[in-house]
Amino acid sequence: MAGISKFRIGVLGSGTGSNFAAIADACLAGRIPAEVALVVSDVEAAGMLEKARERNIPATYLSPGEFRAKLSPEAERTYVKVLKEAGVELVALAGFMRILQGTFLNAFEGRIVNIHPSLLPSFPGLDAWKQALVHGVRVTGCSVHFVDAGMDSGSIIGQQTVPVLDNDTPETLRVRIQAAEHELYPKCLAALARGEVVVQGRRVFFRASFA
Ligand code: GRF
């Protein structure tokens, strides 16, 4: 008997894959009405690929090409082709350390999301938890947002706050923010998979509460 086809998420990442694991496990537990159809990394040894294979989720390394901070035009075309062939409807970036450009953004317009370890628009870019400590904020957090051509600049879908404690080091703060990410990202993806997310200009609304 043919199963009911689920909403298909593709996850892109360059690192350890703790957010990917949270997403995949939430899908398996039914908390996100979707499945991770494919995991792609630009880093051959990324822990994320290993975590995917442990879960029997298709996972592949794809060469990023010759640039350090973006995909080459040819690599972008390959990434798009592979994700489309896997039937991916939504691309979730989870620690993907490269800027996406025209070919990719056009192919998945309005269907690419990212998690960032700060309350955007504060502290975009690298090492956001260090930026928060240096700035001396008492509250930081994480943000899930749509991806546009800028750096962590797309419309914000959801945010979760995290306190900054007096004895925090960059590492203790990073770990606390990551724990919040693992709650927030699955919640936002569940809302997206259910079709509850409505975009009006820069603002994002929800048809139903996802708290
Ligand atoms: C996360 O902290 C995320 O905010 C940032 O990259 C990190 C990825 O970590 N964009 P992991 O690979 O999901 O553990």
Side-chain angles (χ1 to χ4, degrees), residues 9-28 31-32 36 38-55 57 59-62 64 68-71 79 90-100 104-105 112-135 137 139-164 168-190 192:
I9 298 173
V11 180
L12 262 58
S14 311
T16 58
S18 69
N19 277 283
F20 154 70
I23 294 164
D25 294 347
C27 288
L28 291 172
R31 285 183 281 119
I32 305 175
V36 179
L38 181 64
V39 169
V40 180
S41 182
D42 59 327
V43 176
E44 213 161 359
M48 195 177 81
L49 292 174
E50 190 55 38
K51 286 187 172 70
R53 290 176 188 130
E54 284 165 13
R55 291 167 172 79
I57 292 173
T60 186
Y61 159 77
L62 290 179
R68 195 181 55 80
K70 64 181 183 179
L71 296 173
Y79 273 63
L90 179 79
V91 176
L93 307 183
F96 190 65
M97 299 305 286
R98 289 169 191 272
I99 296 269
L100 296 172
F104 199 106
L105 297 176
I112 311 169
V113 295
N114 182 42
I115 179 105
H116 182 76
S118 76
L119 295 176
L120 290 170
S122 290
F123 314 132
L126 291 177
D127 296 346
W129 59 92
K130 281 191 199 159
Q131 295 187 51
L133 272 185
V134 168
H135 199 90
V137 295
V139 178
T140 183
C142 52
S143 306
V144 173
H145 63 92
F146 285 108
V147 172
D148 62 13
M151 170 76 80
D152 303 320
S153 56
S155 293
I156 292 165
I157 302 166
Q159 294 184 303
Q160 191 157 319
T161 57
V162 171
V164 180
D168 263 330
T169 63
E171 183 57 14
T172 59
L173 185 55
R174 187 189 69 78
V175 168
R176 195 174 316 112
I177 293 172
Q178 272 218 326
E181 291 181 346
H182 300 162
E183 292 177 13
L184 180 69
Y185 213 174
K187 283 183 191 169
C188 291
L189 290 173
L192 286 158

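Residue numbers count from 1 along this sequence. Ligands are counted one by one from 1 in listed order, and the atoms in each one are counted from 1 as well. In what follows, every heavy atom counts, from backbone to side chain, and hydrogens, waters and symmetry copies are set aside.
Enumerated by chain and number, the residues approaching ligand 1 to less than 4.0 Å through a heavy atom are Gly15, Thr16, Gly17, Ser18, Asn19, Gly95, Ile115, His116, Pro117, Gln178, Glu181.
Between Phe96 and Tyr79, the two ring planes are tilted [angle within 30° to 60°].
With hydrogens and angles ignored, the 3.5 Å screen pairs a side-chain donor or acceptor of Gln131 with a backbone N or O of Leu126. At least one donor-acceptor pair under 3.5 Å links the side chain of Arg176 to the backbone N or O of Pro163.
For Phe123, the ring pair (Phe, Tyr, Trp, His ring centres under 6.0 Å) criterion is met by His135, not counting sequence neighbours.
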*asked:* For a salt bridge (Lys or Arg N to Asp or Glu O under 4.0 Å) check, start with the C-alpha distance between Lys51 and Glu54, then their side-chain angles and the critical distance, and finish with the verdict.
replied: CA-CA 5 Å; Lys51 286 187 172 70; Glu54 284 165 13; over 6 Å; no
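Just one residue in the list Val11, Asn19, Val113, Asn114 forms a side chain to side chain contact (heavy atoms under 4.5 Å, CB included) with Leu93, and that residue is Asn114.
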